[in-house]
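Here is the structure we will look at.
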Amino acid sequence: MNIGFVAAEVAPYSKAGGLADVAGSLPQAISAYVSEVHVFTPLYGVIDAQKHNIVMSGIVGTVRLGEFDVPYSVDQINASKNGVKIWFIKSEKYFSRNGIYTEANGEGYEDNNQRFIFFQLVMLDLLIREKFKINVLHCNDHHTGLLPSLIKAVGLKIRTVFTIHNFLYQGHFSNVDRQLLPEGLYPFLTKTQWDNYSALLEGVDHADIVNTVSPGYAQELLDGNDLDEHSLSRIRSASKRFSGIINGIDMETWNPSSDSYTPFHFSIDSLAGKAENKQALLKMTGLDSDINAPVLGSISRLVENKGFLLILEVLDEFVAQGAKFIFLGSGDPGIAKQLQSASQKHPGRIAFDNGYNEPLAHLIESGCDMFLMPSRFEPCGLNQLYSLRYGTIPIVNKTGGLGDTVQNWKLNSGTGFVFEPYSAEMLRDALARALTTFKNKKEWATLVRSAMLQNYSWDQSAKKYIELYQS
Ligand code: ADP
C-alpha cells in the first residue's frame, strides 16, 4: 500500500498551526506499516530550500486554471526522512511569496481560493500522469477538500481519506472560483445555503473515509454543536464513514530530555532542570524572579475561540493572588492589544510576546508550572499534549480533544484541571483549584508525575489510520 499525504502546511518546513505538526509527524509514524509514504505540500517563499536540502526533482507540468495555463514544477528533499519522501509544489505565481496564507500584517491573501484550487489541480495532474503510484490519498482540511471529488470525476482508482483538523475553516469559494476548475470536473459540487461552495464539505461528501482529530470533536460535530443546519446535514450524511482519531505528538521534537530549545533537560526521574528552565524563562521574559510563585503559560493563535475573553476576565484577580502569566501568540490585533495592556498594567507579572516564536514556545513548555488552554472548542489541541509531557499542568475546558486527553485532578488522580461549561466563572474555579493544589508541594509532585506518565506518541493513532486505509 502506497500512501499520499497532502497538506497545506508541513512542519518543520512551513507551519501556521497544528495541521503542520500532524503533517510533519503522522506520515513518519505510518511509514512503518506501508510500502511508501509521499507527502505533498506547496513550496512557500518562507521555506529555506538550502537549509532543508530541497532540490529539483525534474518533474514539471502545466495546469489549466480558468483561461490560463499555469506552469508548476516539483522539488523534493534529497533523502527520505524516516521512510517518508517529501515533495514540494513550486509555482512562481502562487507560492513564491513568503506567507502561507497571509500577508505579514496577518491579512489573508485575496487569491487564497485560487492558490489552493491550483495546488489541487497540480496534485490531480501528477496522479493522472502517474508520476506517483498512490493507492490511498490522505487529504487534510479544506485546502485539499476538492481532491476526493476531482479524483472521482476523472475516474482514477485511488481511494481517499479526508481529515478535518478544524471544521471552522471551510474554504468557502464562489461560482467565479469554481469556474477555475476545468468544465466536467465540477458536476459533483454542492451549493451551500450561502450560495457558494465549501471545500471542506466537498471533502466530507466525496472522500471514501472521513475523520477528525479526536473522538470528542467527532461526536460534537455529529451532535451539531455550533453548526449551521446545512453543514450538519452534510456531516450527518457521512456519519457511517466518519470517526475520530486523536493526534499524537512528535516525540523527538517535544522531548524534555533532549529538546534543543530547552537549556536544562529534564525527565520524570530528574526534574531539577524544570526549575532551572523556570528561572531562565522568568529572566528572559522580564518577569519577577520569585521562583516559588506559580507561572502559567499560553501559546496560541490569537483568536476568540481559544478562550481569550475568559482569560482576560479573570487575569487581574489571579495576578493579585501572586500568579504570573506568559502569553505567546499572534493573530487578532484586538486580542493582542488587550494582552499588551494587561502586561503594561502588571509589569513583572504578565509578559506578552506578540509573534510566532518556536524557541520561546519550547521554553514556555519546559519552564511553566501550568498551561492555560480554555478553548471554546478544540478539535484536538497539541499544546496540552506537549504540556503533559513537560509536566506543565494543563487547565482546559472540557471540549473536543481537550476533554479526551486531560483528566481532571481529583482525589489524587488525574492529569490537569478541567472545567465545564465554557464560562469565566468555571475557568476561575479551575484556576483556583490549580493554585490551591500548587501550594501543596507533595500533591503537586504527584500530579506532575501523573501528567508526565501519559503517552501521546503516534503509535496507537497511526495504527488506527492504517485500519482506515485498509478498510
Ligand atoms: P491550532 O492548530 O488550532 O492552532 P494546536 O494546539 O492544534 O492549535 O496547534 C498549534 C501549534 O502551533 C502548536 O504546535 C503550537 O505550539 C504552535 N503555535 C501556535 N502559536 C504559536 C506561536 N505564536 N509561536 C510558536 N508556536 C506557536
Side-chain angles (χ1 to χ4, degrees), residues 7-26 46 100-102 104 106 140-143 163-169 212-214 216-217 244-256 259 261-262 281 284-285 297-308 326-333 335-336 339-340 351-368 371-390 392 394-397 399-406 416 456 458 461:
E9 332 163 12
V10 179
Y13 316 103
S14 55
K15 174 165 164 180
L19 169 61
D21 290 335
V22 175
S25 53
L26 171 60
V46 71
I100 301 176
Y101 312 117
T102 64
N140 295 276
D141 270 352
H142 71 84
H143 327 91
T163 300
I164 301 168
H165 295 261
N166 195 334
F167 200 83
L168 186 69
Y169 303 106
T212 186
V213 288
S214 70
Y217 190 59
I245 301 179
I246 200 83
N247 283 335
I249 62 173
D250 182 327
M251 299 289 276
E252 270 175 48
T253 308
W254 294 97
N255 181 354
D259 188 327
Y261 294 120
T262 291
L281 179 65
M284 177 192 241
T285 52
S298 155
I299 307 161
S300 175
R301 289 181 297 118
L302 301 182
V303 289
E304 184 273 330
N305 64 52
K306 295 288 183 180
F308 285 101
I326 299 173
F327 296 95
L328 166 63
S330 59
D332 185 301
I335 298 175
L339 290 172
Q340 194 66 46
F352 171 46
D353 184 325
N354 186 9
Y356 190 91
N357 187 336
E358 194 88 26
L360 181 58
H362 284 251
L363 191 57
I364 288 176
E365 289 294 4
S366 11
C368 284
F371 193 85
L372 257 183
M373 204 161 168
S375 310
R376 188 161 58 79
F377 69 88
E378 193 63 74
C380 175
L382 290 168
N383 272 305
Q384 86 279 14
L385 303 180
Y386 305 146
S387 300
L388 290 170
R389 190 146 197 240
Y390 282 65
T392 303
I395 298 170
V396 304
N397 176 28
T399 183
L402 295 176
D404 287 343
T405 56
V406 182
Y456 284 102
W458 270 108
S461 299

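Order of listing sets the numbers, starting from 1, for every ligand and every atom in it. Along the sequence shown, residues are numbered consecutively beginning with 1.
Residues Asp259 and Tyr390 bring a donor and an acceptor atom of their side chains to less than 3.5 Å of each other. Neither side chain, Tyr261 nor Asn357, offers a donor N or O lying under 3.5 Å from an acceptor on the other. For Ser387 and Thr392, the side-chain atoms include no donor-acceptor pair closer than 3.5 Å.
In summary, of the residues considered (Leu360, Leu328, Ile326), a side chain to side chain contact (heavy atoms under 4.5 Å, CB included) with Ile299 occurs for Leu328 alone. With respect to Trp458, the side chain to side chain contact (heavy atoms under 4.5 Å, CB included) criterion is satisfied by exactly one of Ile246, Val22, Asp250, Ile249: Val22.
Atom 24 (N) of ligand 1 has as its closest protein heavy atom Asn357 N, 3.0 Å. Ranking the protein heavy atoms by distance from atom 6 (O) of ligand 1 puts Leu382 N, 3.0 Å first. In terms of protein heavy-atom proximity, atom 8 (O) of ligand 1 is nearest to Lys306 NZ, 3.1 Å. In this structure, atom 2 (O) of ligand 1 lies nearest to the protein heavy atom Gly18 N, 2.7 Å. What sits closest to atom 14 (O) of ligand 1 on the protein, heavy atoms only, is Asp21 OD2, 2.5 Å. In this structure, the protein non-hydrogen atom closest to atom 4 (O) of ligand 1 is Arg301 NE, 2.7 Å. In this structure, atom 23 (N) of ligand 1 lies nearest to the protein heavy atom Gly355 O, 2.8 Å. The protein non-hydrogen atom at the shortest distance from atom 22 (C) of ligand 1 is Tyr356 CD1, 3.5 Å.
Interface atoms of ligand 1 facing Ile299, defined by a heavy-atom separation under 4.0 Å, are 16 (O), 18 (N), 21 (C), 26 (N), 27 (C). Of all atoms in ligand 1, numbered sequentially from 1 with element shown, those under 4.0 Å from a heavy atom of Asn383 are 6 (O), 13 (C), 15 (C), 16 (O). Annotation for ligand 1: atoms under 4.0 Å from non-hydrogen atoms of Tyr386 are 14 (O). Atoms of ligand 1 found under 4.0 Å from any heavy atom of Gly329, numbered from 1 in the order shown, are 23 (N).
Within the 3.5 Å criterion, the main-chain N or O of Gly216 finds a donor-acceptor partner in the side chain of Asp404. The main-chain N or O of Ala7 is never found under 3.5 Å from a side-chain atom of Asn140 such that the two would form a donor-acceptor pair.
Under the 4.0 angstrom criterion for non-hydrogen atoms, Glu365 is not in contact with ligand 1. Taking 4.0 Å as the cut-off, Gln384 does not count as a neighbour of ligand 1 on heavy-atom distance.
Of the N or O atoms in Asn166, none lie within a sub-3.5 Å distance of an N or O in ligand 1. Any N or O atom pair closer than 3.5 Å counts here, and Glu358 shares no such pair with ligand 1.
Contacts between His165 and ligand 1, counted as non-hydrogen atom pairs separated by less than 4.0 Å, are absent for every part of the residue.
No more than 12 heavy atoms of other residues, nucleotides or ligands shown are found within 6.0 angstrom of CD on Glu252. A 6.0 Å sphere centred on CE of Met284 holds no more than 12 heavy atoms belonging to other residues, nucleotides or ligands.
Salt-bridge formation is detected for the pair Glu378/Lys306: a Lys NZ or Arg NE/NH1/NH2 atom is positioned less than 4.0 Å from an Asp or Glu carboxylate oxygen.
Which of Ser300, Ser387, Gly401, Ala16 comes nearest to atom 20 (N) of ligand 1 through a heavy atom is settled by distance: it is Ser300.
Expressed to the nearest 0.5 Å, how far CG of Asn383 lies from CE of Met373 amounts to 5.5 Å.
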